[in-house]
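Step one of this worksheet: look at the structure below.
The model shown is predicted, which means the values in this text are computed figures rather than measured ones. Start at 1 with the first residue, then count along the sequence.
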Amino acid sequence: MFPLDRQIAQRVVLIADLSQRERGSRKTKTRNERFRLRELIFDTGRACAAELLADLGSRETSVPMAADRSPVWPQGYVGSITHTDDLVGVAVARRKDFRSIGIDAEAIIQPETTVEIDDLCMSGTERALRDSVGINHQTFSSLCFSAKESFFKCLYPLTGVWFDFPDAEIACFDAELRLLQMRLLRDLPSGFREGQIFSGTFSWTERRVYTAFTLPSQC
């Protein structure tokens, strides 16, 4: 699902064995059901990460959680984990090949929440771009939100700094090639500078969008 380099191991799991009630509206779930779902998603993500690490040759396959809740990858490896209410995605690579990875999956937003999401994550440049790319409004808005999430996941392990949606914007978007470029709008530690451009990839289905950013080890 994630358009990634072949050197990056990935796995996507649909949480298909949940009951219809557990997969329904959050308003119908009890607190215990919500907790069990979160626990299942977390455990599935860590199990997938362990399998991918083993496939890549890592002796250490556990991925604990840091104080900021980000995954802590074994020495010599980098990765990223994403999830929706019914999907888990994991990507892992050797650090000698990639400096960092960020992936994100999101359900395509509903029409009634599109304006809210646009106000949250979209700049004037991105609104103009949205009107020219030839895909529907909901899909583009979902991709914009997801791309900024995966971009953050890619840079955060290197900078240790939280940054928000207005701190980056999509500078270029090619719906046919499914490529985009993200422009950083502020300086960050580790040599990242305002105006710097980063290349990302994306794909989508009728239900979800998938985005990814990677930094090769030489960057």
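Closest heavy-atom contact between P157 and C154: CD-O, 3.6 Å. The heavy-atom pair separating I103 from A212 by the smallest distance is CG2-CB, 4.0 Å. Contact between A91 and I8 at its shortest, heavy atoms only, is CB-CG2, 3.9 Å. Considering all non-hydrogen atoms of both residues, V90 and G45 come closest at CG2-O, 3.6 Å. Between A93 and Q7, the closest heavy-atom pair is CB-O, 4.3 Å. Residues R95 and Y77 approach most closely at NH2-O, 3.2 Å, considering heavy atoms.
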Could you list the donor-acceptor pairs under 3.5 angstrom formed between side-chain atoms of residues 189-201 and any protein atom two or more places apart in sequence or on another chain?
{"from": "S190", "atom 1": "OG", "to": "L158", "atom 2": "O", "distance (Å)": "2.7"}
{"from": "Q196", "atom 1": "OE1", "to": "R193", "atom 2": "N", "distance (Å)": "3.0"}
{"from": "T201", "atom 1": "OG1", "to": "P3", "atom 2": "O", "distance (Å)": "2.8"}

Donor-acceptor contacts, no H, no angles, side chain residues 161-169, under 3.5 Å, sequence neighbours left out:
{"from": "W162", "atom 1": "NE1", "to": "Y156", "atom 2": "OH", "distance (Å)": "3.4"}
{"from": "D167", "atom 1": "OD2", "to": "D164", "atom 2": "N", "distance (Å)": "2.8"}
{"from": "E169", "atom 1": "OE1", "to": "S123", "atom 2": "OG", "distance (Å)": "2.9"}
{"from": "E169", "atom 1": "OE2", "to": "R183", "atom 2": "NH1", "distance (Å)": "2.9"}

Atom pairs and distances, donor-acceptor, side-chain atoms in residues 170-179, under 3.5 Å, two or more places apart:
{"from": "D174", "atom 1": "OD1", "to": "E176", "atom 2": "N", "distance (Å)": "3.0"}
{"from": "D174", "atom 1": "OD1", "to": "L177", "atom 2": "N", "distance (Å)": "2.9"}

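Side-chain contact check for H137 and D131: no donor-acceptor pair (N or O, by modelled atom type) lies under 3.5 Å. In this model, a donor atom of one side chain and an acceptor atom of the other lie less than 3.5 Å apart for E60 and S62.
Counting heavy atoms from C-beta outward, I135 and L143 have side chains that approach closer than 4.5 Å. Residues D118 and R127 form a side-chain contact, since some pair of their non-hydrogen atoms from C-beta on lies under 4.5 Å apart. Using a 4.5 Å heavy-atom cutoff, the side chains of S150 and F152 are not in contact. Here the side chains of K153 and T82 are in contact, with some heavy-atom distance below 4.5 Å. Side-chain atoms of Y210 and M1, non-hydrogen and from C-beta on, do get closer than 4.5 Å to each other. Between E106 and R208, the closest side-chain pair of non-hydrogen atoms is not below 4.5 Å. Between S146 and V209, the closest side-chain pair of non-hydrogen atoms falls below 4.5 Å. Side chains of D5 and T214 form no contact here, defined as non-hydrogen atoms less than 4.5 Å apart.
For R207 (side chain) and I108 (main-chain N/O), no donor-acceptor pair under 3.5 Å exists by modelled atom type. Here the side chain of T84 pairs a donor or acceptor atom with the backbone of L87 at under 3.5 angstrom. In terms of modelled atom types and a separation under 3.5 Å, the side chain of R99 and the main chain of S217 share no donor-acceptor contact. At least one donor-acceptor pair closer than 3.5 Å links the side chain of Q10 to the backbone N or O of F2. Formation of a donor-acceptor pair under 3.5 Å by the T114 side chain with backbone atoms of P111 is found in this model.
In this structure, F35 places its CZ atom where only 12 or fewer heavy-atom neighbours from other residues, nucleotides or ligands lie under 6.0 Å away. Around atom CD of Q75, no more than 12 heavy atoms belonging to other residues, nucleotides or ligands sit under 6.0 Å away.
Note: the hydrophobic cluster containing F151 does not contain L120 (ILVMFWY, side chain heavy atoms under 4.5 Å, direct or indirect links). Note on F202 and I117: separate hydrophobic clusters, where clusters join Ile, Leu, Val, Met, Phe, Trp and Tyr whose side-chain heavy atoms are under 4.5 Å apart, directly or indirectly. In the hydrophobic cluster analysis, where Ile, Leu, Val, Met, Phe, Trp and Tyr join through side-chain heavy atoms closer than 4.5 angstrom, V63 is grouped together with V88. Follow the hydrophobic side-chain contacts under 4.5 Å out from M182 and you reach L188 in the same cluster. Hydrophobic cluster membership is shared by W204 and F213, with clusters built from Ile, Leu, Val, Met, Phe, Trp and Tyr side chains linked at under 4.5 angstrom.
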R38 vs D43, test: salt bridge (charged side-chain N to carboxylate O under 4.0 Å, His left out). Steps then yes/no. CA-CA 9 Å; R38 289 195 299 268; D43 290 345; over 6 Å; no

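Looking at D104 and K148, no side-chain N of the basic residue comes within less than 4.0 Å of a carboxylate O on the acidic one, giving no salt bridge. For the pair R11 and D55, the salt-bridge criterion is met [side-chain N within less than 4.0 Å of a carboxylate O]. A salt bridge does not link R6 to D97: none of the charged side-chain nitrogens sits closer than 4.0 Å to a carboxylate oxygen.
Rounding to the nearest 0.5 Å gives a distance of 12.0 Å between CD1 of I41 and CD1 of I81. Atom OG in S141 sits 5.5 Å away from atom CZ in R130 (nearest 0.5 Å). We find the CD1-CG distance between I15 and D85 to be 10.5 Å, quoted to the nearest 0.5 Å. The CG atom of L180 sits 7.5 Å away from the OG1 atom of T211 when rounded to the nearest 0.5 Å.
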